[in-house]
Amino acid sequence: MILKDPAKDSIKDPFVPLTIPGALEKNRNGDQKSLLGNQKNLLKGEKASLKNQENSLRMEVKNLDAWYSSGQVLERINLPIFENEILALIGPSGCGKSTFLRCLNRLNDLIKSFRLQGQIKLDDFDIYDPGIDLAILRRKVGMVFQHPNPFPMSIFDNVAFGVREINRRIKRTELAEIVEESLRQASLWDEVKDKLNVSGLSLSGGQQQRLCIARALAVRPEIIMLDEPCSSLDPVSTAHIEELLLMLRADYTIIIVTHNLAQARRISHRMAFFLSGRLIEHGNTAEMSIRPQCEETENYLCGRFG
Amino acid sequence: MINGQLIKRSRLVALGPVLCWLSAAIIVAVCAGLVLYPLIIGAKMVNLEFLLTDPIPSFNEALAGGILTPIAGTIIIILIATFVTVPIALGTAIYLSEYANRDSVITKSISLGVDVLAGVPSAVLAIFGLILFSLPQLAFLSSKVEGTELALGSSFLVGGLIMMLHIVSFVIKAMEESIRSVPENYRTAAYALGTTRWRVIRKAVLPAALPGVITGIILGIGLIAGDTAIITLCVGGSMTMTGAEQWWLPWNWLETLQGSGSTLTTFVYYSSPAGEGNAPNKAFGAAFILILIVLFLNLTVDYIMAKSKKVKAAA
């Protein structure tokens with residue numbers, strides 16, 4: 001049921017210009033090393049080389065089908081994801097948005113009955129290729145969950161968790177720098193700089209969620225996925241996080257699942273509308289809000305169901 | 001009509017609640033008596049000299065000495081048994097809760113084994129241990145008996161190892177329970193940061209399960225401190241250390257561990273009229289110290305639980 005040709009998107013969408021073949025090629029080579037094992041690359045330097053290739057294709061989902069033991073949950077999904085965009089996945093509960101998100105970093109692999117068919121490409125790699133290092137994939141494709149879930153340890157250790165896994169012998173000063181930078185990026189630093197040794201669980205819900213964002217940022221991901229990050233937060237905290245995402249957009253590709261249509265309109269460049277496991281429509285947020293191509297989309301956007 | 005129904009039919013108090021209250025009162029009274037009686041009599045006995053002299057087997061209570069070696073014996077047994085139990089129990093608990101497929105034959109047989117072990121009375125474990133460690137090949141754990149083929153089969157080392165069997169199933173269950181109760185979202189969060197399975201367990205799951213794991217160990221230590229049968233049979237029937245005379249010197253430690261001795265529980269037994277001694281007041285003194293140790297362990301558990309609950313509530 002995909003009524004829009006994904007290939008056309010990049011032309012229509014003012015935010016996403018045509019991909020430059022040469023640039024993508026370079027990008028691919030750069031990633032080849034790091035995805036298949038060169039972990040040090042992930043910590044520094046790599047970002048800079050990608051800066052000048054904004055808006056190129058980062059991930060591509062082709063003919064994705066997925067099943068749980070209860071039956072098929074995703075059907076024929078085709079979706080491109082571009083560099084430095086905020087892509088909002090919208091749709092009613094149980095439509096497969098979260099499952100789709102968890103396919104992108106293979107977190108569904110933890111569920112035994114899960115089965116998947118189709119292809120998901122990150123740059124030039126099929127991420128379901130048996131040779132893919134899951135740890136490195138998940139560092140590149142970071143994730144923030146619906147409910148804030150900091151570890152029961154200090155704020156510092158929470159942010160340092162993933163970094164220590166990448167480099168167990170990292171110097172304390174270097175680690176402290178990364179922690180500070182990540183907390184600043186998550187605009188939490190000023191609130192917690194005097195109590196880094198306090199348990200992460202002592203923070204408020206909104207602060208905890210920003211802590212989780214900082215924790216995800218600390219491993220220097222390239223793509224950040226957020227699964228309804230504001231659903232358990234108050235409006236002030238939500239505004240904080242939206243502001244933060246708009247800032248992070250400059251350096252990262254962001255995919256956000258949201259129930260909140262207004263939020264999707266406020267922050268996203270592109271939207272993808274899911275319904276009962278199918279991707280009904282995707283495209284530029286402004287265009288899609290004004291002139292949805294599908295009746296279902298229009299009904300959903302107008303609040304006739306969901 | 002309605003007015004009539006609203007008025008209580010009878011002012012008689014129902015019997016049920018009274019019986020319930022009475023049962024509870026009996027338990028409380030017995031507990032208080034059990035704790036207070038030895039505490040009061042025992043507390044009178046306890047002084048520095050009592051704590052710091054060796055026991056002297058004697059029918060004259062005044063000459064019967066103190067409880068230095070039983071205290072040391074209790075500590076030695078606790079250390080040995082904890083040292084061997086913790087790694088085995090933790091490994092098993094991690095395997096059962098994180099790796100094992102609950103429906104596989106292997107998992108079921110491990111769980112069955114743990115359950116069976118939990119049900120074996122400690123006297124049975126003790127006699128098993130005595131026979132096993134009497135094998136001449138295992139004489140290095142105790143000592144050789146002159147003139148026979150067999151080893152003595154009772155020493156601190158043997159007692160500690162058998163004590164492991166006594167508490168291991170209990171400790172495994174406590175640890176497994178606490179590892180299972182770690183919220184799934186800690187695991188998912190750690191995986192999402194690019195952590196491998198073993199590191200997820202080690203760095204995210206175990207720290208979160210730590211209060212429960214420590215509680216299991218401490219309750220296990222309480223079991224060790226309280227057991228008598230294993231000490232009587234596997235550590236031996238001597239009030240004093242039978243190893244080197246100056247057992248506290250580091251170079252005599254191995255000999256001490258290979259030798260027999262007593263703990264607070266067996267001291268209570270030997271000093272009582274039921275045993276070979278006739279020093280009931282000294283027995284109460286030792287019981288007093290034992291109760292203090294167990295109470296202290298339980299309070300520590302309470303403290304840890306309260307603290308971890310606070311953390312969970314904050315989450």
Side-chain angles (χ1 to χ4, degrees), chain A residues 35 39 42 101-102 104-112 133-154 157-166 168 198-205 208 211-212 214-221 224-227, chain B residues 90 94-108 175 177-216 303-315:
Chain A
L35 198 60
Q39 304 194 357
L42 278 170
L101 203 64
R102 284 161 182 250
L104 300 181
N105 66 350
R106 290 188 60 177
L107 215 53
N108 280 326
D109 288 20
L110 299 176
I111 298 163
K112 269 191 197 131
D133 185 329
L134 276 187
I136 297 178
L137 169 71
R138 289 175 185 154
R139 281 169 205 158
K140 278 174 168 282
V141 185
M143 179 150 183
V144 175
F145 296 84
Q146 180 170 8
H147 299 287
N149 57 354
F151 298 119
M153 43 179 94
S154 74
D157 289 340
N158 259 289
V159 183
F161 189 95
V163 185
R164 284 188 174 129
E165 288 305 307
I166 295 172
R168 292 194 204 162
V198 171
S199 166
L201 297 172
S202 66
L203 298 174
S204 73
Q208 285 190 16
L211 178 63
C212 292
R215 182 175 70 182
L217 291 175
V219 297
R220 301 289 184 269
I224 305 171
M225 312 194 297
L226 304 101
D227 189 354
Chain B
L90 194 59
I94 291 175
Y95 175 77
L96 286 176
S97 54
E98 293 287 323
Y99 286 98
N101 173 2
R102 275 201 195 197
D103 301 320
S104 79
V105 182
I106 300 174
T107 318
K108 278 185 180 161
M175 288 180 173
E177 181 67 25
S178 81
I179 293 175
R180 275 195 206 285
S181 67
V182 171
E184 198 55 37
N185 64 19
Y186 291 165
R187 293 187 182 87
T188 335
Y191 277 119
L193 286 168
T195 315
T196 56
R197 190 172 191 184
W198 171 245
R199 298 289 293 176
V200 169
I201 294 171
R202 193 154 129 33
K203 286 289 169 179
V205 177
L206 285 187
L210 200 62
V213 167
I214 291 176
T215 301
Y303 175 73
I304 294 174
M305 292 308 251
K307 216 175 161 190
S308 75
K309 259 201 197 114
K310 228 192 213 164
V311 171
K312 271 185 194 143

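The chains referred to below are lettered A, B, ... by the order of the sequence lines, with proteins before strands, and numbering in each begins at 1. Note that this is a predicted model, so its numbers are computed, not measured.
Residue E98(B) qualifies as enclosed at atom CD: its count of foreign heavy atoms under 6.0 Å is above 12. The neighbour count for R180(B) CZ, taken as heavy atoms of other residues, nucleotides or ligands under 6.0 Å away, is above 12. A 6.0 Å sphere centred on OH of Y99(B) holds more than 12 heavy atoms belonging to other residues, nucleotides or ligands.
Heavy atoms of M153(A) lying under 4.5 Å from chain B belong exclusively to its side chain. Using a 4.5 Å cut-off between heavy atoms, R102(A) contacts chain B through its side chain alone, with no backbone atom that close. Within the 4.5 angstrom heavy-atom criterion, only backbone atoms of P150(A) (N, CA, C, O) approach chain B.
Although no hydrogens or angles enter the test, the distance criterion places no donor-acceptor pair under 3.5 Å between the side chain of N185(B) and the main chain of N149(A).
Rounded to the nearest 0.5 angstrom, L134(A) CG and Y191(B) OH are separated by 10.0 Å. Distance check, rounded to the nearest 0.5 Å: NZ of K203(B) to CZ of R168(A) gives 8.0 Å. If you take OG1 on T195(B) and CD1 on I166(A), they are separated by 9.0 Å, rounding to the nearest 0.5 Å.
When all heavy atoms of R139(A) and G194(B) are compared, the pair lying nearest together is NH2-O, 2.9 Å. The two atoms that bring A189(B) and F145(A) nearest to each other are CA-CE1, 3.8 Å, heavy atoms only. Counting all heavy atoms, side chain and backbone alike, F151(A) lies closest to Y186(B) at CE2-O, 3.3 Å.
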### Message
If you apply the rule side chain to side chain contact (heavy atoms under 4.5 Å, CB included), what do you find for L110(A) with E184(B), and how did you get there?
### Response
CA-CA 11 Å; L110(A) 299 176; E184(B) 198 55 37; over 6 Å; no
